[in-house]
Peer 1: 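Encoded as structure tokens, here's the structure I'll be asking about.
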There are 2 protein chains.
Amino acid sequence: MSIILTMSELEKFPKTRADLVVMLRNAGITPTHQRIKIGEVLFSREQHLSAEQVLAAVNQEDDEVSKATVYNTLGVFAEHGLLREVIVDPSKVFYDSNVSKHHHLFYSDTGELEDIADENIEVSKLPNLPSDLQIEEVDVIIRVHRN
Amino acid sequence: MSIILTMSELEKFPKTRADLVVMLRNAGITPTHQRIKIGEVLFSREQHLSAEQVLAAVNQEDDEVSKATVYNTLGVFAEHGLLREVIVDPSKVFYDSNVSKHHHLFYSDTGELEDIADENIEVSKLPNLPSDLQIEEVDVIIRVHRN
DNA sequence: ACATAAATTAGACAAAGTCTATTTTAGGAC
DNA sequence: GTCCTAAAATAGACTTTGTCTAATTTATGT
């Protein structure tokens, strides 16, 4: 029983293409062929993918989606709360299909990224911030390497 | 009396060039002209600078230090504990001349970065990690925007 | 002063991501 | 189904951050 969340049973992902279309519409996103294809890749399970990985996955069989569209779509999905951007690797952004509250474990030697369930980290004190500041997110990142 | 640390009175920075040379030697870094110049920029006070900013600052008068050397030197300083790499902005790495324990406040709208004193954040629970993992750092980043 | 390993350099290169101008598509009205 | 229009997608040029290479220069011990 690992303390680290590897694959969740907590989050429900769309099971069918129709589910995915509903999910996009509910989020206020027009479901296009490309967005559906990208959604199928991302929302199949909890995972962390870079834009390059999504681009490759989506075009495995034949070229279906352009680079610009992948970048645009990831941005749109993130804006609408379907994805979370994770900034831990200086060379690329990860997109996390798990949008429930949780934190991250980053292996700086290999570049791997894992989720840490929210209940395994407790931030018990935060600074008082000026009232004109809106908190978007409190990220806790544990940077580790194997030894 | 802001809760956020803006400029520390806790950390001592080298006051003279000779101080800086000693600081580099103590860290096991050969003090070259370029490293001293870069050190003078960075260790004048607590600040967060990107490589580009360091490059510009160092070459304000005349071209003294190449791009490759700036990148190399920032890496060397970070490896030897004189700087802390802060990965919060997807487009660039910040180098923090404050290496004492503290956390960060990131303004995602403007790209500004501020320190939060360690005593203003408390992480009271961490996951049990496999014993072959070495923790390098636990980063807490509060992402905010003005409203 | 000499030797040599370490450091610096210019500039080519690479990778991630953005932008632009054009074409295509989703979806509402008929 | 056809027409319309705004939204979305596209190719590819471009930008920015950062890395690499092969040659030169410098720090420092003898």
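Each chain gets a letter, A, B and so on, in the order the sequences are listed, and its residues count up from 1. Because only heavy atoms are used, hydrogens play no part in the values below, and waters and symmetry mates are left out as well, while side chains stay in.
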Peer 1: Minimum heavy-atom separation for B:L113 to B:H48, with atom names?
Peer 2: O-ND1, 3.3 Å

Peer 1: At 4.0 Å (heavy atoms only), tell me whether A:T69 reaches a base, stays on the sugar-phosphate, or touches nothing.
Peer 2: base

Peer 1: Can you work out whether A:P90 or A:E64 has the more 5'-proximal nearest nucleotide on DNA chain D?
Peer 2: A:E64

Peer 1: Between A:R146 and A:E112 (salt bridge meaning N to carboxylate O under 4.0 Å), is one present in this structure?
Peer 2: yes

Peer 1: Answer yes or no: does a side-chain N or O of B:S91 lie under 4.0 Å from OP1 or OP2 of D:dT17?
Peer 2: no

Peer 1: Below 4.5 Å, heavy atoms only, C-beta onward: do B:H104 and B:I142 meet side chain to side chain?
Peer 2: no

Peer 1: Send over the distance from A:I29 CD1 to D:dA8 P, rounded to a whole Å.
Peer 2: 10 Å

Peer 1: Going through the distances and angles, do B:E136 and A:S108 end up as a side chain to side chain donor-acceptor pair (under 3.5 Å)?
Peer 2: CA-CA 9 Å; B:E136 292 162 7; A:S108 54; 2.6 Å; yes

Peer 1: For the side chain of B:K67 and the base of D:dG18, is some donor closer than 3.5 Å to an acceptor across the two?
Peer 2: yes

Peer 1: Just checking B:P31: base, sugar-phosphate only, or nothing, at a heavy-atom cut-off of under 4.0 Å?
Peer 2: sugar-phosphate

Peer 1: From CG of A:D63 over to P of D:dA11, roughly how many Å is that when rounded to an integer?
Peer 2: 7 Å

Peer 1: Return the angle between end axes of the helix from C:dA1-D:dT30 to C:dC30-D:dG1, with five pairs used per end and rounding to 10°.
Peer 2: 30°

Peer 1: What pair of heavy atoms forms the shortest contact from B:F106 to B:F94, and how long is it?
Peer 2: CE1-CE1, 4.4 Å

Peer 1: Look at all strands and tell whether B:S50 reaches a base, only sugar-phosphate, or nothing, counting heavy atoms closer than 4.0 Å.
Peer 2: nothing

Peer 1: Can you tell me which residue among A:T73, A:N72, A:L74 is in a side chain to side chain contact (heavy atoms under 4.5 Å, CB included) with A:V70?
Peer 2: A:L74

Peer 1: Provide, to the nearest angstrom, the distance between the CD atom belonging to B:E52 and the C1' atom belonging to C:dA16.
Peer 2: 15 Å

Peer 1: Tell me: CD of B:Q53 to P of D:dT17, nearest whole Å?
Peer 2: 10 Å

Peer 1: If you compare every side-chain N and O of B:H33 against the phosphate oxygens of C:dA7 (OP1, OP2), does one of them come in below 4.0 Å?
Peer 2: no

Peer 1: Compare side-chain N and O positions of A:R35 against OP1 and OP2 of C:dA26 and report whether any pair is under 4.0 Å apart.
Peer 2: no

Peer 1: Within the 3.5 Å criterion, strictly below it, is a donor on A:D139 or A:H103 matched to an acceptor on the partner's side chain?
Peer 2: no

Peer 1: Between B:Q34 and D:dT26, does any side-chain N or O lie under 4.0 Å from OP1 or OP2?
Peer 2: no

Peer 1: Heavy atoms, side chains only, cut-off 4.5 Å: are B:Y107 and B:E114 in contact?
Peer 2: yes

Peer 1: Atom OH of B:Y95 to atom C1' of D:dG18: distance rounded to whole Å?
Peer 2: 9 Å

Peer 1: I want to check one thing: is the phosphate of D:dA27, taken as OP1 and OP2, less than 4.0 Å away from some side-chain N or O of B:T32?
Peer 2: no

Peer 1: Whole angstrom is fine here: how far is it from CG in B:L55 over to C1' in C:dT9?
Peer 2: 13 Å

Peer 1: Please give, in whole Å, the distance from C:dA15 C1' to A:D89 CG?
Peer 2: 12 Å

Peer 1: Give a yes/no on whether any side-chain N or O of A:Y71 is located under 4.0 angstrom from OP1 or OP2 of C:dT18.
Peer 2: no

Peer 1: Calculate the interatomic distance between A:I36 atom CD1 and D:dA9 atom P; express it in whole Å.
Peer 2: 10 Å

